[in-house]
Amino acid sequence: MSPRIPERGEIDVQKFHAEEGRKYLAAFALLSVVTVVINAALGQGGSASQWPAQNLVIVPMSLATGIAAIFIRRSWAQILALAIQSCCLRLILLRLESKPSPDISLDCSRTQ
């Protein structure tokens, strides 16, 4: 989902967010919930050791996005949701994704 691009003039992203934000925020929140459910279902095996930890981070992101979709016209809700998203994404990238998976060998010197 993206704003229509006029042939001339500027793109009003604030207007687009006010009119369509509820839709794309709700879709993102729904996708996050589906991600948590799939991670929980598939994370029972030994090969997905980080998925439970990721779910603990994705849940607040989902809630923040859902609340932002409900309170689309409240700037405080939008700012708070963005702050939660940013902090959780940093946590995922810096803490969870930076650790090598025990199932993946990083030794490139061996040939298969």
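On a predicted model such as this, the values are computed, not experimentally measured, just so you know.
Between Thr65 and Leu25 the shortest heavy-atom distance is CG2-O, 3.2 Å. Considering every non-hydrogen atom in both Ala26 and Ala69, the closest pair reads N-CB, 3.9 Å. Across all non-hydrogen atoms, the minimal contact from Ala68 to Ala77 is CB-O, 4.3 Å. Closest approach of Met61 and Cys88 over heavy atoms only: CG-CB, 3.2 Å.
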Worked verdict on Phe16 versus Asp12 for side-chain contact (heavy atoms from CB on, under 4.5 Å): CA-CA 6 Å; Phe16 174 76; Asp12 190 351; over 6 Å; no

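No donor-acceptor distance shorter than 3.5 angstrom exists from the side chain of Gln85 to the backbone of Ala64, with no hydrogens or angles considered.
Note on Phe28: it does not cluster hydrophobically with Tyr24, by side-chain heavy-atom contacts below 4.5 Å among ILVMFWY residues.
A distance of 11.5 Å separates CZ in Phe71 from CG in Leu80, rounded to the nearest 0.5 Å. Here the CZ atom belonging to Arg4 is positioned 9.0 Å from the CD atom belonging to Glu20, to the nearest 0.5 angstrom. Summarising the geometry, atom CD1 belonging to Ile84 is positioned 7.0 Å from atom CD1 belonging to Ile67; distances are rounded to the nearest 0.5 Å.
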